[in-house]
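Nothing here was measured: the structure is a model prediction, and the numbers come from that model. Chain A is the first sequence line, chain B the second, and so forth, proteins listed ahead of strands; every chain is numbered from 1.
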Amino acid sequence: MICYSIGSCALGQLLVAWSDRGICAVGLADTPDQLILSLQANFADHSLQNIDPVDSPYFSTVHRFIEAPSSSPPDLPLDLMGTEFQRRVWRALMEIQPGNTVTYSALAQKIGNPSAVRAVANACGANRIATLVPCHRVVRSDGATGGYRWGSARKQTLLAREATTPDH
DNA sequence: AAGCCCATCCGAA
DNA sequence: TTCGGATGGGCTT
């Protein structure tokens, strides 16, 4: 069973989903329908239950974090559902500080698999937990921002917000 | 087990 | 600036 709540935030509609082990998805989209559809696609083998944001154990904290882009991430339990390789990549992502960026190839080096650049990019794209697992801080080595599951416009917005607001 | 997809990178034209 | 090949993990058949 996976529960989820949806509400508005500065970047559009915000979805926070959680299992009994912690947050398993954070999504951004233009409409609630898009969020629900992708949630269903991602967790086709689970039953889903919509919860009012007011009654969610996580929604308000995640929402607050997204509204204050450069603050340090809240210490909430995450349910990282993926392969060993993906979890290695995701944990490395969580070490990137706000305002900093890393290239896909540097990230590949960091996890000790320097030639697996595209595999690392795929693992970033497989991340379902927006902003809490900061895959938006990974950019291409040619200076382009690269792709983003929730829209490259949002990736650029996130990076701009973190770059312009000091962390203390 | 074999094929295809991919949010990359680098060198060559 | 574009283009092709190398590349490795994940998913489907």
## Note on the structure
Here DNA chain B, pairs taken as Watson-Crick or G-U under 3.5 Å and shown with ( ), [ ] when crossing and | when to another strand, reads ||||||.||||||
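The nucleotide whose nearest atom lies closest to any side-chain atom of A:Trp150 is, among C:dG9, B:dC9, B:dA7, B:dA7. Nearest nucleotide to the side chain of A:Ala119, out of C:dG9, B:dA7, B:dC9: C:dG9.
Going from atom CD1 of A:Ile111 over to atom C1' of B:dT8 covers 14 Å, rounded to whole Å. For the pair A:Phe85 CZ and C:dC11 P, the computed distance is 12 Å after rounding to whole Å. For the pair A:Gln86 CD and B:dC6 P, the interatomic distance rounds to 16 Å; values are reported in whole Å. Straight-line distance from the CD atom of A:Gln109 to the P atom of C:dG8: 14 Å, rounded to whole Å. Atom pair A:Asn122:CG and C:dT7:P shows a separation of 16 Å (rounding to whole Å applied). The CZ atom of A:Arg140 sits 11 Å away from the P atom of B:dA7 (whole-angstrom rounding). What separates CH2 of A:Trp90 from P of C:dG9 is a distance of 15 Å, to the nearest Å. One can place CG of A:Leu107 at 11 Å from P of B:dC9, the figure rounded to the nearest angstrom.
For B:dA7, neither phosphate oxygen OP1 nor OP2 lies less than 4.0 angstrom from any side-chain nitrogen or oxygen of A:Thr145. The phosphate of C:dG8 (OP1 or OP2) has no side-chain N or O of A:Arg118 nearer than 4.0 angstrom. Listed pair A:Ser105 / B:dT8 fails the phosphate criterion, with no side-chain N or O lying under 4.0 Å from OP1 or OP2. Residue A:Ser115 places no side-chain N or O under 4.0 Å from the OP1 or OP2 atom of C:dT7.
When hydrophobic clusters are built by joining Ile, Leu, Val, Met, Phe, Trp and Tyr residues whose side-chain heavy atoms come closer than 4.5 Å, directly or via intermediates, A:Leu78 is not grouped with A:Tyr4.
Residue A:Tyr104 is classed as a base contact, given a heavy-atom separation below 4.0 Å to a base.
In this structure, CD1 on A:Ile2 lies 5.5 Å from CE on A:Met81, to the nearest 0.5 angstrom. Rounded to the nearest 0.5 angstrom, A:Lys110 NZ and A:Leu93 CG are separated by 8.5 Å.
Across every non-hydrogen atom of A:Gln13 and A:Asp30, the tightest pair is CG-O, 3.5 Å.
No more than 12 heavy atoms of other residues, nucleotides or ligands lie within 6.0 Å of CZ in A:Arg21, so this atom counts as exposed by the packing criterion.
Using a 4.5 Å heavy-atom threshold, the side chains of A:Asn50 and A:Ile36 count as separate.
Judged purely by atom type and a 3.5 angstrom limit, A:His46 has no side-chain atom pairing as donor or acceptor with the backbone of A:Cys3.
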